Protein chains: 2
Amino acid sequence: MSKQANRVDLARTSIVGCWSPLVGEPLDESQAVELARVFKAMGDPVRLRLLSLIASHSGGEACVCDLTDVFELTGPTISHHLKVLREAGLVTGERRGTWVYYRVLPESLGRLSDVLTPAAVTELSIPAPAQAVVGA
Amino acid sequence: MSKQANRVDLARTSIVGCWSPLVGEPLDESQAVELARVFKAMGDPVRLRLLSLIASHSGGEACVCDLTDVFELTGPTISHHLKVLREAGLVTGERRGTWVYYRVLPESLGRLSDVLTPAAVTELSIPAPAQAVVGA
DNA sequence: ACTCTGGATCGATGGACATCGATCCAAACA
DNA sequence: TGTTTGGATCGATGTCCATCGATCCAGAGT
C-alpha cells in the first residue's frame, strides 16, 4: 500500500477562520500563520495569474485545459499550483465528465480584502458573480 | 573594496505601479510578477506580524527595538524581514538618533485591498490614521 | 477490454529563502 | 578618542519550493 493512495476530491482542504484587520491590533501567532499561508499561495506569479484567469473567466469558472496553454509550463506544474491555491482555500475544483473546472471561492478574496482594510468596509465585499450552476 | 559597501537608506527601494483588480481581467505577466512580490513578502508569519505590529502601533510607527523582543528570533533575522517588507514597498524605515522607526506606507495596503476587490470601492481606501509627524 | 486523453500524484533536482553567528557602521556618551 | 549599544550587512547552512519526467487514475469512445 505505498502507491494507489488518496482519492483526490479537488474540493478545498483548508483553512477558513475569521481574521481581524491587520491594522487594528497586532495579530497573534496562529492568525499570522493562517493568513501567511494564504498570502504565500498568492506570492507566485503563476498562481496569481491562474487565480486571475479563473476569476475573470466567463461563467466564473475555467477548465484546466484552458489554463495550461497560457503558460510555458508542463501539466504537473500547473496541477501543483492549482493544488496550492486549493489548499489555501482560494479556489475549488470539480470534475465534470472529461474535464476539471476551477472556480474562485466566493468569499475568499473579499475576506482577504477586509483584512487589509483598516476601517472594515465589510458590507460590500463580493457582489456574487453569477456563480454558474452547472451540475445536473 | 569588498566590504564596506552601501550606505543603507532604509527608505523603500521598490515597486509601485498601478494594478487592476484581479477579478476584472486576467493580469499579464509583468503585473503578476510585481504583485506576487508583494504577496510573497506577506507570505511569512513573522513578516505579517511585523507588519501588523507596525501598523497597529500607537503613533503609526514602531521602533525596531520594540519589534525584536516580540519574537524568539535574532536581530539579523528581524532586520532581514524588515528589509523584505521595505523592498516590497509595504513599510519604510527612518533612523532618528539612536533608534530606527518603521511605519507602514499609507497607500500600500489600501491598493492591495483594491486589487482583491471585484468592483473597486476605490474611494474609501485608507482614512489616514493620523500619521504622527515625529521629526523635529 | 483496449485505447486515448485530461489531470493528478510521485520522486528527483536545482534554486530560493529563513535563520544564525560574526562583523561592521552610526549615534551617544564617557 | 575609546566604549557602548542599536541595527544593518555578510557568509554559511539547512530547509522549503518550483519545475520537470514518469507514472497513475478517470471518463469517453471504440
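Here is the naming used below: chain letters follow the sequence lines, and residue numbers restart at 1 for every chain. Keep in mind that what you see is a predicted model, and the values were worked out from it rather than measured.
Put simply, A/R96 has no side-chain N or O that comes within less than 4.0 Å of OP1 or OP2 on D/dG27. The side chain of A/R47 places an N or O atom within less than 4.0 Å of a non-bridging phosphate oxygen (OP1 or OP2) of D/dA18. For B/T98, no side-chain nitrogen or oxygen approaches OP1 or OP2 of C/dA27 to under 4.0 Å. Residue A/Y102 places at least one side-chain N or O closer than 4.0 Å to OP1 or OP2 of C/dA8. In terms of phosphate contacts, B/T77 brings a side-chain nitrogen or oxygen within less than 4.0 Å of OP1 or OP2 of C/dC20.
Straight-line distance from the CH2 atom of B/W99 to the P atom of D/dG7: 8 Å, rounded to whole Å. Distance B/D66 CG to D/dG6 P: 12 Å, rounded to the nearest Å. Taking atom CZ of residue B/R86 and atom C1' of nucleotide D/dA8, one finds them 8 Å apart after rounding to whole Å. In this structure, A/K83 places its NZ atom 16 Å from P of D/dT19, rounding to the nearest Å. In this structure, B/F71 atom CZ and C/dA18 atom P are separated by 14 Å, rounded to whole Å. The CZ-C1' distance, from B/R95 to C/dC24, rounds to 12 Å in whole Å. Between B/L73 atom CG and D/dG7 atom P the separation is 15 Å, expressed in whole Å. Counting to the nearest Å, the C1' atom of C/dG6 and the CG atom of A/L82 are 13 Å from each other.
Of the listed residues (B/L90, B/V91, B/T92, B/L85), just one forms a side-chain contact (heavy atoms from CB on, under 4.5 Å) with B/L105, and that residue is B/T92.
Between A/V46 and A/G97, it is A/V46 whose nearest contact on DNA chain D lies nearer the 5' terminus. Mapping B/S79 and A/K40 onto DNA chain D via the closest heavy atom, the residue that lands nearer the 5' end is B/S79.
Of the listed nucleotides (C/dA18, C/dA8, D/dG7), C/dA18 has the atom at the smallest distance from the side chain of B/D44. For B/H80, the listed nucleotide lying nearest its side chain is C/dA18; candidates were C/dT9, D/dT19, C/dA18.
No contact: B/I78 has no heavy atom under 4.0 Å from any strand. Here A/H81 lies in heavy-atom contact (under 4.0 Å) with sugar-phosphate atoms only. As judged by a 4.0 angstrom heavy-atom cut-off over every strand, B/G75 is placed among residues making no nucleic acid contact.
By the 4.5 Å heavy-atom criterion applied to side chains, B/L109 and B/L51 are counted as neighbours.
Proximity of a side-chain donor or acceptor of A/S113 to a complementary backbone N or O of B/D114 within less than 3.5 Å is not detected. A donor-acceptor pair is defined here as one N or O able to donate and one able to accept, closer than 3.5 Å; no such pair exists between the side chain of B/S56 and the backbone of A/G24.
Residues meeting the salt bridge (charged side-chain N to carboxylate O under 4.0 Å, His left out) test with B/R47, sequence neighbours left out: none.
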